Amino acid sequence: MSTVEAMATADAAEAGGRTKSSSPRTIPVIGVVTPHEDMQGVFKPMDLNRIIKLLEENDKDDLEEKQLNSVMKMVHCYQNGFPLRDLAQVFKILGLCAEKIEKQPCFVEPASDLIKLCGLPFLKKKVSDEITYTEDTANSLALLGELMKIPSSKLRIQICKCIVDFYHAEPPKKHIPGYQQVSSSYKVKMAEVGGLAEAMVQSVLLIENQLVEKLWVLKVLQHLSTSEANCTLMVKAQAAGRICAHLNDPDPSGQLLFRSSEILWNLLEKSSKDEIIQQLSNLECLLALKEVFKNLFMRGHSHYDRQLRNDILVITTIIAQNPGAPMIECGFTRDLILFATFSEVKSQNPLVKGLKLSNSYEDFELKKLLFNIIVILCKDLTTVQLLIDGKVILALLTYVKKPERLKIIEWSAAQYEELQLHAIATLSSVAPLLIEEYMSCQGNARILAFLEWCDHEDSFFIHGNSFHGTGGRGNKFAQMRYTLRLLRAMVYLEDETVNTDLCERGVIHQLIGIFKNMASKHDEKEEAIALEIQSDTLLILSGLCEHYIQWKEMFGTEGVDIILHVMKTDPKKLQSGLGYNVLLFSTLDSIWCCILGCYTSEDYFLEKEGIFLLLDILALNQKKFCNLILGIMVEFCDNPKTSAHVNAWRGKKDLTAASLLIKLWRKEEKELGVKRDKNGMIVDTKKPLFTSFQEEQKIMPLPANCPSIAVMDVAENIRAKIYAVLGKLDFENLPGLSAEDFVTLCIIHRYLDFKIQHGLAFSMTVRSNSINASEGQAVSAAVRGSNYKPEFSDGAGVREIGEIWNEVCEEIKLEKLKLVTSDKLSLESITAATENIGKMVASLQSEMIESQARQDVQNEQRVYAKIQATHKQRELANKSWQNFLARTSNAKTLKKAKRLQEKAIESSKYSERPQNAIFHQTVIKGLNTTVPSGRVVTVESTPARLLGGPLADTDIALKKLPIRGGALQRVKAKPLSEPKKNAPM
């Protein structure tokens, strides 16, 4: 009997209970198995519904034996695997057997056999069966997880073995005609769909005291956790917390710890990391991790134990990132600090007594992981006291020194180099929290001595193999970079003790020297790291000099020179991505902090054309630099020598500084969405400076200590700084401005009036916080670049604020407040005055545009007049030439012209000759020319190129003048040996 016939037999058995009239072709099928097919192991006919019905019966005496026999026959029938179409019925039979186990333990064996067969690949008759029976398969596999609740060790172990077989599919032992195995990943996918992983996690609670079963379940979860879908289900079932809590359970084989850590790793990699951290951030889990780590650290000697120890430490590091994790409460933080520092600082703690790390790869990785977890732990300020007790600063500072070659150390040269860099990087996070310990350990002295060694050229070169050593192969750039980062972290604490100690030790001159060396000797390969070192150097200098004039004076001209050197960098390099942008930002910050306020440095900066360089950078039109440069310009303009430099600057196409600033203003307003017409004139006189953001933002009542949108607008764009610079340059007599620039200049000139106006007293009696007194001060201070002190008269604020008063009006309307008569009149006067200023500026702009239009017309007329004069001159020249040709070609015309000339000459003479006067004849008789004649005649019609100019040889008779189809050309010719007589001259 073939497989097809066997399946048909099963279908016929299922239909046996139906009436014969259901189909005219209902024919009972008798299964016949040939000896050959029996050898091949094909399916024998089985009525699964009959077996289900038999298992559901409970009222017969000999029923148990029949039930067992029927199940065993089914096991024998499906010994090569279950078809997908029968899977639902098979698992229903399995479920019925499982229900009987508690009262009838004899059903454990057949149930185990059925589960064992589930480990074989399922069979499909059609390609579409995998899709058709997806739901049945998923539900059936989910039942395996539910069967774990049955208190049978054999059954549970068999279920685990069955699930593990999903991931280790074996090739079929026998070929079954008409059927194919499903794909190897089909069962895995169906287990994901059915939620088998969640059920297996829940079964962990049922087998806490059964070690063998627990190990099998962990093995199953280890396989299931390779899938993201399963990891999500496991996280939902609190798998991380349940597994981690039992890490320290007794297990002689060591499999429990290994498989548990593997599962935790998979969960962290393939599911929500934050959710896993939350599940592990409890006292029970951390205590288990702590004990496991301590045991492995103190007693683990094998390669496997060390690897597992490091894995546990990485998991702990991830948990420590959660501020809510009770790391200190469980004592884990204290132990980790002890383990991290016992090699450098001797300790009498029994945990580390006699311990020593080797230079193996695992111990080397452990040391780096311990440094790393210290950085994470120090983010919790409650850890500070533990860091002090553990002498972490002293331990880390032992690495901030020149490597001693002759001393025998426990690490190789490459390992020590990496640990040194890692220790310095760790100090950058820890030292700012422990300033007293840092100073007591002579931290500044050690750092400066180490920096001096880094800057000194000797035969030591690092390997540059680690993450921290990137870009430092063959030099000391990596050590210098991380040491400067540490120094920057300490300087920016603005601790007076630390900074004063550094300056007294000569750090300013040392840093300037480092900058010069880095600028002169780095190669293209290390350009990025060299630029970072230079940037950090300038930032450190800025932090040191910002508030102290004496340190600015120490910065001096030598420091100004390095700033000017950076400012002369090719602008094209700013787009290279190597770090020139950061370096330029650091340089601008250094100008602000190290030069401004020190008159000698300011004068030297001006003398070296520093303002020109600033304006050159500003002219690059890069928005990221504009705000900072304009702020520097505002402060520099307090120096009376600055104005001349600013006005003298010229950019491309003879661009002036004033024109550049006005162009920046227009660009800024365009980006802000300020309403202007095509000529740049004010459109809305009530809101001349309003941006699109201010229009969109709804005005809301604010407390007195909160700045309004109008005040924030001053600080959020560059218009106020442009106004301040132009104001200090004096708005009059600005060179190189066009009509468009003058139109914009009208608005800039009135910027402060649109923001703040003085001279109108107003007293708000409705509520004290309706008008923010500090807002007007903030606007003035931001715009003028100085401290603004409002004046008061009879207790009332003498101020009128343009945009801010508009906001006040809107707030009053929103709060539906009713003003007293005097306040109402004052508010109306303020609003009208603000609008009048806008109208006045708009009117002035219109006059300027009209004046420019008239000027353009006049210029156009002058151009046209010049063109007409040019044409008229050409006509006269042409007419003169025609007359000349007529005289030379027509004798009558020549004679007529001669007579007219003689007549004109006679008419110009005196009619009466003076007595005793000698008359000289001025006209040569017999000449037939109409031009003035004399002893020297200049022939105007002869081209100069023929004669070679006034100094050329004019002896044309000695030259050979060939005719080349046009005018005569002068060529070189040899003189004749003997000139011929009567030669033409």
Side-chain angles (χ1 to χ4, degrees), residues 204 214-215 218-219 221-222 225 231 234-235 238-271 273-322 325-343 349 351-352 355 357-358 360-377 383 422:
V204 174
K214 186 188 296 184
L215 293 177
L218 290 175
K219 186 175 182 179
L221 291 175
Q222 183 182 355
S225 63
C231 285
M234 292 170 67
V235 171
Q238 303 293 314
R242 292 180 178 181
I243 293 172
C244 185
H246 297 282
L247 279 177
N248 204 33
D249 288 357
D251 173 29
S253 65
Q255 292 186 42
L256 186 145
L257 183 57
F258 166 71
R259 298 194 187 281
S260 298
S261 63
E262 187 71 19
I263 293 168
L264 291 176
W265 265 113
N266 291 338
L267 290 175
L268 286 168
E269 290 178 354
K270 300 180 185 299
S271 62
K273 187 176 179 180
D274 294 336
E275 181 65 26
I276 298 298
I277 292 175
Q278 287 297 329
Q279 291 184 21
L280 297 177
S281 298
N282 58 72
L283 200 59
E284 186 179 9
C285 291
L286 287 173
L287 283 172
L289 286 168
K290 171 189 170 184
E291 294 303 321
V292 168
F293 181 75
K294 285 170 59 178
N295 291 333
L296 291 172
F297 191 91
M298 299 168 62
R299 302 179 182 87
H301 301 290
S302 65
H303 176 75
Y304 165 77
D305 289 340
R306 290 172 178 172
Q307 281 188 331
L308 192 57
R309 172 199 63 191
N310 292 353
D311 290 344
I312 296 298
L313 183 55
V314 173
I315 294 173
T316 304
T317 303
I318 295 173
I319 299 172
Q321 295 175 3
N322 179 18
M327 294 288 294
I328 298 177
E329 291 80 350
C330 68
F332 207 173
T333 298
R334 184 181 295 274
D335 291 344
L336 289 171
I337 293 174
L338 174 65
F339 293 144
T341 59
F342 81 96
S343 298
N349 194 304
L351 291 177
V352 296
L355 282 179
L357 297 177
S358 66
S360 64
Y361 176 77
E362 290 75 22
D363 285 351
F364 174 61
E365 288 294 319
L366 171 69
K367 194 68 177 178
K368 293 193 296 181
L369 290 171
L370 288 170
F371 283 165
N372 184 58
I373 200 170
I374 286 178
V375 174
I376 295 173
L377 291 174
T383 314
H422 208 142

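Just so it is clear, the values below take in all heavy atoms, side chains as well, and ignore hydrogens, waters and symmetry mates. Computed from a predicted model, the values in this text were never measured in an experiment.
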Residues D311 and S261: side-chain donor-acceptor under 3.5 angstrom: no
Working for side chain to side chain contact (heavy atoms under 4.5 Å, CB included), residues N310 and K368: CA-CA 10 Å; N310 292 353; K368 293 193 296 181; over 6 Å; no
Q321 versus K273, closest heavy-atom pair with distance: OE1-NZ, 4.3 Å
L280 side chain near L289 side chain, heavy-atom distance below 4.5 Å: no
Under 3.5 Å, sequence neighbours excluded: what are the donor-acceptor pairs made by side chains of residues 326-337?
unit_1: T333; atom_1: OG1; unit_2: M327; atom_2: O; d: 3.4

4.5 Å side-chain heavy-atom contact, N266 and M234: no
Check: L221 and S225 side chains under 4.5 Å, non-hydrogen atoms: no
A325 to I319 - nearest heavy-atom pair and separation: CB-O, 3.8 Å
With K367 via side chain to side chain donor-acceptor pair (under 3.5 Å) - residues at least two apart: E344
Please report, to 0.1 Å, the donor-acceptor pairs under 3.5 Å made by any side chain of residues 297-304, with sequence neighbours excluded.
unit_1: R299; atom_1: NH1; unit_2: N295; atom_2: OD1; d: 2.9
unit_1: S302; atom_1: OG; unit_2: D305; atom_2: N; d: 3.1
unit_1: S302; atom_1: OG; unit_2: D305; atom_2: OD2; d: 3.1
unit_1: H303; atom_1: ND1; unit_2: E362; atom_2: OE2; d: 2.9
unit_1: H303; atom_1: NE2; unit_2: Q307; atom_2: NE2; d: 3.2

ring-ring contact (aromatic ring centres under 6.0 Å, His included) against F364, all qualifying residues, sequence neighbours excluded: none
Listed once per pair and sorted, the ring pair (Phe, Tyr, Trp, His ring centres under 6.0 Å) pairs that draw on residues 242-267, sequence neighbours left out: none
Pairs where residues 250-271 contributes a residue and the test salt bridge (Lys or Arg N to Asp or Glu O under 4.0 Å) is met, not counting sequence neighbours: none
Interatomic distance, E284 atom CD to R242 atom CZ [nearest 0.5 angstrom]: 11.5 Å
Side-chain touch F339/K294, heavy atoms, less than 4.5 angstrom: yes
